[in-house]
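Here the structure is laid out as structure tokens; the discussion comes afterwards.
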Amino acid sequence: MKGIVISGYSWDRKVKLDLTRTAQCLRERGYTVKKLLPGMMLIIEMEGYETSVYPSGKIIIKLLEDAKKGEELARIIYDCAGVLEVVS
């Protein structure tokens, strides 16, 4: 299966996403939350792509092959998670 994997990392602090908070923010921005397993995984529909988000900051965007688009979607997720400044 094709797709893009993005992993947020910081030398300065541990990256840990609050998936419930992230899901709420993404919902408010108009994205569809397909499944939320707090502390385990969040699956959302973003611009036609099924996107999996993990507490570690790892993001998998299925079937996407455009790296720039993947970065754009990841920035939206990291912004909602409150860690954009850490992983930028």
Side-chain angles (χ1 to χ4, degrees):
M1 178 183 291
K2 295 181 182 182
I4 301 246
V5 177
I6 299 153
S7 198
Y9 184 80
S10 171
W11 289 104
D12 299 326
R13 83 174 211 218
K14 183 177 180 181
V15 175
K16 179 137 173 82
L17 308 187
D18 178 337
L19 298 180
T20 303
R21 171 185 167 190
T22 304
Q24 169 102 19
C25 176
L26 290 167
R27 248 190 226 111
E28 289 170 1
R29 292 187 184 192
Y31 297 102
T32 302
V33 174
K34 294 176 89 176
K35 182 173 269 188
L36 171 61
L37 301 170
M40 292 180 64
M41 178 175 48
L42 167 64
I43 300 174
I44 50 178
E45 186 80 26
M46 294 185 81
E47 300 183 26
Y49 298 102
E50 185 175 285
T51 305
S52 301
V53 183
Y54 299 89
S56 65
K58 181 177 181 180
I59 299 170
I60 300 172
I61 306 171
K62 294 180 183 172
L63 303 177
L64 181 64
E65 296 181 42
D66 180 354
K68 286 212 178 273
K69 185 66 172 176
E71 182 180 343
E72 178 186 315
L73 296 177
R75 285 185 176 279
I76 293 166
I77 294 166
Y78 289 142
D79 186 36
C80 274
V83 297
L84 182 60
E85 73 285 348
V86 176
V87 297
S88 290

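Fair warning: this is a prediction, and the values are worked out from it, not measured in the lab.
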Next item on the list: Taking salt bridge (charged side-chain N to carboxylate O under 4.0 Å, His left out) as the test, write out the residues that go with Asp18, two or more places apart.
Entry: none
Checklist line | Shared hydrophobic cluster, Leu26 / Ile43 (ILVMFWY, side-chain heavy atoms < 4.5 Å) | finding: no
Next item on the list: Please answer: with hydrophobic residues joined when any side-chain heavy atoms are less than 4.5 Å apart, are Ile4 and Leu84 in the same cluster?
Entry: yes
Residues 57-67 side chain polar contacts: donor-acceptor under 3.5 Å, at least two apart:
{"from": "Lys62", "atom 1": "NZ", "to": "Glu50", "atom 2": "OE2", "distance (Å)": "2.8"}
{"from": "Asp66", "atom 1": "OD1", "to": "Lys68", "atom 2": "N", "distance (Å)": "3.1"}
{"from": "Asp66", "atom 1": "OD1", "to": "Lys69", "atom 2": "N", "distance (Å)": "3.4"}

Item checked: Joint cluster assignment, Ile76 & Tyr54, ILVMFWY side-chain distance < 4.5 Å -> no
Note to self: If hydrophobic clusters are built by linking Ile, Leu, Val, Met, Phe, Trp and Tyr wherever their side-chain heavy atoms come under 4.5 Å apart, do Leu36 and Leu17 end up in the same one?
What the structure shows: yes
Item checked: Expected output: side-chain Ser7 to main-chain Val5 donor-acceptor under 3.5 Å -> no
Next item on the list: Of all the heavy-atom pairs spanning Pro55 and Gly39, show the shortest one and how long it is.
Entry: CG-O, 3.4 Å
Check: Any side-chain heavy atom of Ile6 sitting closer than 4.5 Å to one from Ile77?
Finding: no
Check: So do the side chains of Arg29 and Asp79 get within less than 4.5 Å of each other, counting heavy atoms only?
Finding: yes
Note to self: According to a hydrophobic-cluster definition based on side-chain heavy atoms being under 4.5 Å apart (Ile, Leu, Val, Met, Phe, Trp, Tyr only), do Met46 and Met41 belong together?
What the structure shows: no
Check: side chain to side chain donor-acceptor pair (under 3.5 Å) with Arg21: which residues, sequence neighbours excluded?
Finding: none
